[in-house]
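Any value given below was found using the heavy atoms of this structure, including those in side chains, with hydrogens, waters and symmetry copies removed.
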Amino acid sequence: MAGKLRVVTDIEKSVLMNNFEKRGWVQVTESEDWNFYWMSVQTIRNCFSVETGFRLSDDQMVNHFPNHYELTRKDLMVKNIKRYRKEQEKEGSPLAEKDENGKYLYLDFVPVTFMLPADYNLFVEEFRKNPSSTWIMKPCGKAQGKGIFLINKLSQIKKWSRDSKTSSFVSQSSKEAYVISLYIDNPLLIGGKKFDLRLYVLVTTYRPLKCYMYKLGFCRFCTVKYTPSTSELDNMFVHLTNVAIQKHGDDYNHIHGGKWTVSNLRLYLESTQGREVTDKLFDEIHWIIVQSLKAVAPVMNNDKHCFECYGYDIIIDDKLKPWLIEVNASPSLTSSTANDRILKYNLINDTLNIVVPNGEIPDFKMNKHPSKEALGHYEVLYDEELALAEAVDRDTRNRAGQVIGPKGIRARDSGRSVLTTWK
């Protein structure tokens, strides 16, 4: 295709700039004609707003879906997952199966969460069922651990409400909203320290859903050994894994940045827990990511000019159950170590290879199925179109009386394995 791709960005990060330069893309300003815009979440809001927004042409592409916040705002993510559960239940789906205590067997992958101030009375009711529990409060629209604190007494919430300059129990403004979630106080520890997983997931379309998992995710460790002791509830170096917080700790290591690769985590778990247990854990992690995307797919504005690379934060508890903590729309492209820089450069490189094949000017009439070679470190996590085609094929063979092997559908009719057939 004639002409060089014209690119704009309002995020001046070397991992982006180097990737644009490597492709020979021409950097222009927002007021000039452009084909590709890697923008911040603030800019995307203006891009698609009713007042100031504009219509994207067939040769333009942006790196966020218009209402990505349905997944990436903490309160909206929980609201959409709760709605998804109810819908599955209403449809009689096996996904919505519950145990004798009324807990979801398969859809219980986000900690019990309430919105404040809206759900305050519901929260109090839940708190009183287990008054010794610890809860974590997070402002809905902030990132990097800002504004987060832990509580284990109702009086602490009342104090926060009084002290808060925003008068959060009075104002219903979304800017001042918080979520309060049951704190995972039994995290899996390595070397006595708490950690979480940062996994990158690329979505190119929501309807039909197509998403890719980046194989080079990493774990982020706290710098101080974990203790559930109430005396350490205020010590964020014990409880929050965010690099933005941990880098200020006395024990922060500037060489490895308190990070492990996901492949190192797998090796560690395989040696301590066994291969089968480790495979099951990662299968479950992939499964909850797909379910979270399915939960928001019906409400997501599936604009063909958009793609998104999300940063998923997962915590594993000491029973090896994974929990979805939150999803980030603009995962940090800042590099804290040399390995970090390489990882994030490759992440952007592989993302661009999928969404802008051959680095050419976008054309929405072209084939949207990248070759296996073009995936780089990505792998297809879920392809709804393919899954539906395979389901139709299975039904056809079943009606024709073909026998399905021992690992076929009938073998998967019970337990979690039926739920991993999206692979």
Side-chain angles (χ1 to χ4, degrees), residues 1-73 141 143 200-207 210 212 214 300-311 328-335 341-370 374-376 378:
M1 193 177 287
K4 290 275 186 189
L5 187 147
R6 296 157 72 84
V7 62
V8 190
T9 184
D10 59 355
I11 302 172
E12 299 284 325
K13 295 290 180 189
S14 62
V15 293
L16 280 174
M17 299 307 185
N18 293 344
N19 266 295
F20 298 157
E21 285 167 20
K22 165 188 162 180
R23 288 166 171 77
W25 292 356
V26 179
Q27 219 172 324
V28 294
T29 63
E30 191 183 291
S31 56
E32 297 176 82
D33 284 341
W34 54 266
N35 308 112
F36 188 91
Y37 198 150
W38 191 287
M39 54 177 75
S40 64
V41 288
Q42 290 78 17
T43 307
I44 199 80
R45 201 172 294 133
N46 299 332
C47 174
F48 286 107
S49 79
V50 177
E51 298 82 24
T52 58
F54 49 87
R55 190 180 179 87
L56 295 174
S57 60
D58 274 354
D59 63 352
Q60 290 183 309
M61 180 174 266
V62 295
N63 64 313
H64 294 288
F65 286 92
N67 58 337
H68 62 84
Y69 45 79
E70 293 285 354
L71 179 64
T72 58
R73 256 188 75 108
Y200 296 104
V201 177
L202 172 65
V203 177
T204 51
T205 167
Y206 271 99
R207 290 187 301 277
K210 185 155 191 187
Y212 304 82
Y214 200 61
M300 200 62 77
N301 183 341
N302 190 44
D303 193 303
K304 66 181 180 181
H305 305 93
C306 306
F307 68 94
E308 197 136 23
C309 180
Y310 297 106
N328 298 273
S330 281
S332 170
L333 295 178
T334 304
S335 308
R341 192 172 300 111
I342 294 164
L343 182 146
K344 287 170 182 175
Y345 174 85
N346 286 331
L347 171 71
I348 299 299
N349 181 51
D350 292 347
T351 300
L352 294 178
N353 284 343
I354 290 173
V355 299
V356 192
N358 306 317
E360 294 176 347
I361 293 170
D363 175 1
F364 290 96
K365 297 178 191 74
M366 65 189 179
N367 175 18
K368 273 202 160 185
H369 300 285
L375 297 183
Y378 275 108

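Side-chain contact between D58 and K304 is present, with at least one heavy-atom pair separated by less than 4.5 Å. The side-chain heavy atoms of L352 and W25, taken from C-beta on, include a pair separated by under 4.5 Å. Counting heavy atoms from C-beta outward, M61 and N35 have side chains that stay 4.5 Å or more apart. Contact annotation: the side chain of I44 never approaches that of Y69 to less than 4.5 Å [non-hydrogen atoms, C-beta and beyond]. Using a 4.5 Å heavy-atom threshold, the side chains of S330 and S40 count as separate. Side-chain contact between T204 and E308: absent, with no pair of heavy atoms (C-beta onward) separated by less than 4.5 Å. Side-chain contact between Y200 and D350 is absent, with no heavy-atom pair separated by less than 4.5 Å. Between E360 and L5 there is no side-chain heavy-atom pair separated by less than 4.5 Å.
Using a distance-only test at 3.5 Å, with no hydrogens or angles considered, a donor-acceptor pair links the side chain of K344 to the main chain of S332. Under a 3.5 Å cut-off, the side chain of N301 and the backbone N or O of P66 do not form any donor-acceptor pair. A distance-only check finds a donor-acceptor pair linking the side chain of T9 to the backbone of W38 [under 3.5 Å]. For D59 (side chain) and I361 (main-chain N/O), no donor-acceptor pair under 3.5 Å exists by modelled atom type.
C309 and L347 make their closest contact through SG-CD1, 4.1 Å (heavy atoms, listed as atom of the first residue, atom of the second, distance). Residues N63 and M39 approach most closely at OD1-N, 2.7 Å, considering heavy atoms. Summarising the geometry of M300 relative to R207, their closest heavy-atom pair is O-NH1, 2.8 Å, with the distance given to 0.1 Å. Contact record, C306 with F48: SG-CZ, 3.9 Å, taken as the closest heavy-atom pair. When every heavy atom of P370 is checked against every heavy atom of I354, the shortest pair comes out as CG-CG2, 4.0 Å. Scanning both residues, K4 and G24, for their nearest heavy atoms gives CD-O, 3.2 Å.
Side-chain atoms of R23 and N349 include a donor-acceptor pair closer than 3.5 Å. Side-chain contact annotation: T351 with Y378, donor-acceptor N/O pair under 3.5 Å present. A donor atom on one side chain and an acceptor atom on the other are not found under 3.5 Å apart for N18 and Y345.
The ring pair (Phe, Tyr, Trp, His ring centres under 6.0 Å) test applied to Y206 returns F65, not counting sequence neighbours. Legend: residues meeting ring pair (Phe, Tyr, Trp, His ring centres under 6.0 Å) with Y37, ordered by chain and number and at least two apart, are W34.
Note that the OG1 atom of T43 and the CG atom of D10 stand 3.5 Å from one another [nearest 0.5 Å]. Remark: N67 CG to N302 CG distance equals 10.0 Å, nearest 0.5 Å. In this structure, CZ on R45 lies 10.0 Å from NE2 on H64, to the nearest 0.5 angstrom.
In the displayed structure, Q27 atom CD is contacted under 6.0 Å by more than 12 heavy atoms of other residues, nucleotides or ligands.
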